[in-house]
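Worksheet: one structure, shown below.
To find a chain, count down the sequence lines: A is the first, B the second, and so on, and within it residues start at 1. Computed from heavy atoms alone, side chains included, the values below leave out hydrogens, waters and symmetry copies.
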Amino acid sequence: MVDGYDVQAIEAKWQQRWRDTGAYDVDNDDPRPPYYVLSMYPYPSGQAHMGHVRNYTFGDLIVRYRTMNGYAVLSPIGFDSFGLPAENAAIRTGEHPRTYTDARIEQLSSSLQRIGAVYDWRRQITSHDPSYIRWSQWIFKRFLEAGLAYRAMAPVNWCPGCQTVLANEQVLADGTCERSGDLVDKRDLEQWFFKITDYADQLLDDIDTVDWPERVKTIQRNWIGRSEGAEFEMAVVDADGNPHPEGHAFGVYTTRPDTSFGMTFAVLAPEHALVAQITSPERRADVDAFVDRVRKEAEFDRLSTEGPAHKRGIFTGAYALNPFTQKPVPIYLADYVLTTYGTGAIMAVPGQDQRDWDFATSYDLSIIRTVQPPDDFDGEAYTGDGRAINSEWLDGKEKAEAIAAAIAWLEAQGIGAGKVNFRLRDWLLSRQRFWGCPIPVVYCDGCGIVAVPDEDLPVLAPDDVEFLPTGESPLKFHEGFLRAECPTCHGPATRETDTMDTFVDSSWYFLRFTDPWNDEAPFGLDAVARWLPVDQYIGGVEHAILHLMYARFFTKALADLGHAPKELREPFQQLFTQGTVRLGGSRMSKSKGNLVAPEVILDREGADALRLAHLFVSPPNDDIDWEAVTIEGSSRFLARVWRLARGEIGTSTDREPMPADTAIEQATHHLIARITDEYERWHYNTAVAGCMEFVNDLYRYAQSDEGARTATIDEAIDTLLQVMAPMVPHITAELWEARHGDSVHTQTWPVADPAKLVVATATMVVQVNGKVRDRIEVDAGIDEAEATRLALASEKVAGQLDGAEPRKVIARPPKLVNIVV
RNA sequence: GCCCGGGUGGCGGAAUGGCAGACGCGGGGGAUUCAAAAUCCCCUGUCCGAGAGGGCGUGCGGGUUCGAGUCCCGCCCCGGGCACCA
């Protein structure tokens, strides 16, 4: 302990006070302007880890800073409390997921308080709370009614050993089950989906309207994967071009309709619906064998194959009529064509597509170039720009022009049109798990899928269940849960046993925070309108795709359905993604056993030192290595601040201001300007550096022969405590209380006095040919002529010039003069 | 392959086109002390030089500019995203 600085006692005292007095509680009718700060919904993993500390330090700093700036800051906290770990623990130990989860919520809550983070705890929500489940289910029903939720067959991961479906995360990289080690295969099962693809365009376009890191925006754009092209029909024919007896035809999607004259074959996905009907009798046995083999393979096997050797396919015996040339081309099946994208069928143009080229060379199919490659081109398929060739009426047109002409032609023929496709797929939300939000529907033999009436929500999972080591959901074997009455016909019905993906819970929690007591609706329009969009969202870049995409989709859909304000198009106006914490180069994780427990640091150095170390180590969006975090340096600095503010450094007297005093007063106001600017721009590491420089100045000042002027150093110290309060809330609160009796955190943010930001003199750099040769103290207000005169009068400059005549003088008073010879 | 970031001392990192390396860590020296810890003060890119001083330095090669870590062009390397998506 340094000179009465009892870190543990001080931090405990203030944490208790903030919680007990509801210091950061904020009501929806608060007259101050609203500001919503939110850190991403944490999974309650027990004690906080370093990633949490980093995340919540930034969040807390903003909450405190904005509060001092006069805002009503909404700072809620909740827990994403459904999910796999609790259920796995239940299978292992038999402990109910709820008791397991509640204990971990308790631990994480207390960890967050120990780092000094402040919240409106009255608004706390948890995903597994019946009142939250109720509204998750209510929203699902609204989506169902609007056609945004639907049930369809989907390939899922099936583990033959466990006899159950697995989540993607449970399938290891080599395609085996994490629990049994069996090879997981694909099965088609009925699953629930959200129709996020309805919003693909908006999700893409509105990215431009939010203030997010470019990296995250790019990730989202890639994931949505918009592509522009054309879709058109091709008739199935025989080798001579005679139509198929049953008149079959299929659509193809292409981004390069301008290359259609170069189509030398067509490819259907092996799962394509037409395969069985068009395969010729003599090819049937081979085709069936091929389709069988492909379907058995796990998806990742199919997608991870690379290069020509792996492009496997088979001829169907059927042909398609190329509408551009009116010539038949052979139809193949190939595993590189996916049933889930476009129409599940392509026109193959090997001259301009490398995949088609690879396939064509493997199967000895012809290749026609329809775009003129540059003279020096020596590759295979040419995918670049150029003039159309071998394309009749398209010849000579540049790519863009040719594409437009080809689409116009397809439309005129009535066989196709321009088309936009997306990589984004619908969101599969069914999970065959117990510890999640039940999907509120029943299956009735007579009425089909029937939603549970709103007044019967929430549908809750029963407690008297047994967790099976097979990994199957215990709901499947619970008769009381399973057997239901159809709400429509009152006949017997079976309850859905799947639960929702936990990403559903985190897709609307930020809305619930605005109105967590609402009993009539998930949230009121007024409450959402008041607080949303979130002004500052903070979290890890690992959620750049899924969570952020889903939350954006929910917000748009809820707004369109009238449950959120119509104008609310984006939930998170500003996003900050903080870097991850590593140790010795690798990511800190329980499984690697390289965790540095924040609790140990909190016990030894305290929350302020830990927070300061995180803020100082590097810019907040950078990944950091714990080895670089200098907790001792932070502690040392805080002790310096403590001694300074306790008046233990140097001497002070009452007197009229001397130049040294004026300099400190100016430094004080420069500090306000600097720290304010740096907080606004998230430059916390340099904000800390600024405070350190200031403290170094104050030490020199107070220890100088003249000592400090009392009024000057008091103002300096008070200002220091105020600007540091958001970073290190405990020590500043304690020191401020000792000096003034009230709380530093209820002070208004200091404003720099413009008069004290004006400096009287400046150090002017004198360069000769761009190299610094002299530094001259000058009056800050000097003009170019005077600056030039002073520079040329410099002896050092004269030495450098060596009699040469200056060719040109660039003067930028009062900072710089550059003499060119 | 395409798309985003990023390469600065021993380390983490500073720097609106205008003094490269702020601030901290580590290291060195001094003060204090019986001694140590703690604390306080000073030094610390690199090469040449006894010194004054000078040369060289922000991944590499060019360019723009009076002046480039910063802007432009072409590469190299590292991190991340997408990737048989037609």
Report yes if at least one side-chain N or O of [X] is closer than 4.0 Å to OP1 or OP2 of [N]; otherwise report no.
{"X": "A/Arg636", "N": "B/A38", "result": "no"}
{"X": "A/Arg423", "N": "B/A83", "result": "yes"}
{"X": "A/Asn685", "N": "B/C23", "result": "no"}
{"X": "A/Arg700", "N": "B/C42", "result": "yes"}
{"X": "A/Ser634", "N": "B/G24", "result": "no"}
{"X": "A/Arg640", "N": "B/C41", "result": "yes"}
{"X": "A/Lys815", "N": "B/G18", "result": "no"}
{"X": "A/Arg226", "N": "B/C3", "result": "no"}

Which nucleotide in the list [options] gets nearest to the side chain of [X]?
{"X": "A/Gln703", "options": "B/A22, B/C19, B/C41", "value": "B/C41"}
{"X": "A/Ile346", "options": "B/G24, B/G18, B/A86", "value": "B/A86"}
{"X": "A/Asp353", "options": "B/C25, B/C23, B/A86", "value": "B/A86"}
{"X": "A/Arg773", "options": "B/C66, B/G55, B/C84", "value": "B/G55"}
{"X": "A/Asn696", "options": "B/G5, B/G13, B/G24", "value": "B/G24"}
{"X": "A/Tyr699", "options": "B/C41, B/C82, B/A86", "value": "B/C41"}
{"X": "A/Ser618", "options": "B/A86, B/G12, B/C19", "value": "B/G12"}

Does the structure show a Watson-Crick or G-U wobble partner for [N], both distances under 3.5 Å? Name it, or say none.
{"N": "B/A52", "result": "none"}
{"N": "B/U58", "result": "none"}
{"N": "B/G79", "result": "B/C4"}
{"N": "B/C84", "result": "none"}
{"N": "B/G10", "result": "B/C25"}
{"N": "B/C40", "result": "B/G30"}
{"N": "B/G67", "result": "none"}

Have [X] and [Y] got a donor and an acceptor in their side chains that come within less than 3.5 Å?
{"X": "A/Glu228", "Y": "A/Thr255", "result": "no"}
{"X": "A/Thr370", "Y": "A/Gln352", "result": "yes"}
{"X": "A/Ser227", "Y": "A/Asn421", "result": "no"}
{"X": "A/Thr580", "Y": "A/Asp623", "result": "yes"}
{"X": "A/Asn696", "Y": "A/Arg640", "result": "yes"}
{"X": "A/Arg425", "Y": "A/Thr340", "result": "yes"}

How would you label the contact of [X] with the nucleic acid (heavy atoms, under 4.0 Å): base, sugar-phosphate, or nothing?
{"X": "A/Phe422", "answer": "nothing"}
{"X": "A/Ala628", "answer": "sugar-phosphate"}
{"X": "A/Glu632", "answer": "nothing"}
{"X": "A/Val772", "answer": "sugar-phosphate"}

Atom [atom1] of [X] and atom [atom2] of [N]: how far apart are they, to the nearest Å?
{"X": "A/Arg425", "N": "B/A83", "atom1": "CZ", "atom2": "C1'", "result": "12 Å"}
{"X": "A/Asp258", "N": "B/A86", "atom1": "CG", "atom2": "C1'", "result": "13 Å"}
{"X": "A/Asn621", "N": "B/C4", "atom1": "CG", "atom2": "P", "result": "18 Å"}
{"X": "A/Ile545", "N": "B/C3", "atom1": "CD1", "atom2": "P", "result": "18 Å"}
{"X": "A/Ile219", "N": "B/A83", "atom1": "CD1", "atom2": "C1'", "result": "14 Å"}
{"X": "A/Gln354", "N": "B/C2", "atom1": "CD", "atom2": "P", "result": "13 Å"}
{"X": "A/Asp385", "N": "B/C2", "atom1": "CG", "atom2": "C1'", "result": "15 Å"}
{"X": "A/His683", "N": "B/G13", "atom1": "NE2", "atom2": "C1'", "result": "13 Å"}

#### Entry: Working for side chain to side chain contact (heavy atoms under 4.5 Å, CB included), residues A/Met50 and A/Ile601
CA-CA 10 Å; A/Met50 274 308 169; A/Ile601 312 283; 4.0 Å; yes
### Query
Is there a donor on the side chain of A/Arg215 or the base of B/G5 sitting less than 3.5 Å from an acceptor on the other?
no
### Query
Side-chain donor or acceptor of A/Asn222 under 3.5 Å from a matching atom on the base of B/C82?
no
Taking atom [atom1] in both [N] and [M], what distance in whole Å separates the two?
{"N": "B/G9", "M": "B/G21", "atom1": "C1'", "result": "7 Å"}
{"N": "B/C75", "M": "B/A86", "atom1": "C1'", "result": "32 Å"}
{"N": "B/A22", "M": "B/C34", "atom1": "C1'", "result": "41 Å"}
{"N": "B/A31", "M": "B/A36", "atom1": "P", "result": "11 Å"}
{"N": "B/G80", "M": "B/C25", "atom1": "P", "result": "31 Å"}
{"N": "B/U64", "M": "B/C71", "atom1": "C1'", "result": "8 Å"}
{"N": "B/G1", "M": "B/U65", "atom1": "C1'", "result": "37 Å"}
{"N": "B/G5", "M": "B/G18", "atom1": "C1'", "result": "28 Å"}

### Query
When the nearest nucleotide of RNA chain B is assigned to A/Thr686 and to A/Gly770 on a heavy-atom basis, which residue is associated with the more 5' position?
A/Thr686
### Query
Considering heavy-atom distances to RNA chain B, does A/Asp622 or A/Ile810 have its closest nucleotide positioned more toward the 5' end?
A/Asp622
### Query
For A/Val329 and A/Met347, what are the C-alpha separation, side-chain angles and deciding distance, and is it a side chain to side chain contact (heavy atoms under 4.5 Å, CB included)?
CA-CA 9 Å; A/Val329 295; A/Met347 67 165 193; over 6 Å; no
#### Entry: Test log, rule side chain to side chain contact (heavy atoms under 4.5 Å, CB included), inputs A/Phe422 and A/Thr197
CA-CA 8 Å; A/Phe422 295 93; A/Thr197 51; 6.0 Å; no
### Task
Taking syn as within 90° of 0 and anti otherwise, name the glycosidic form of B/G9.
syn
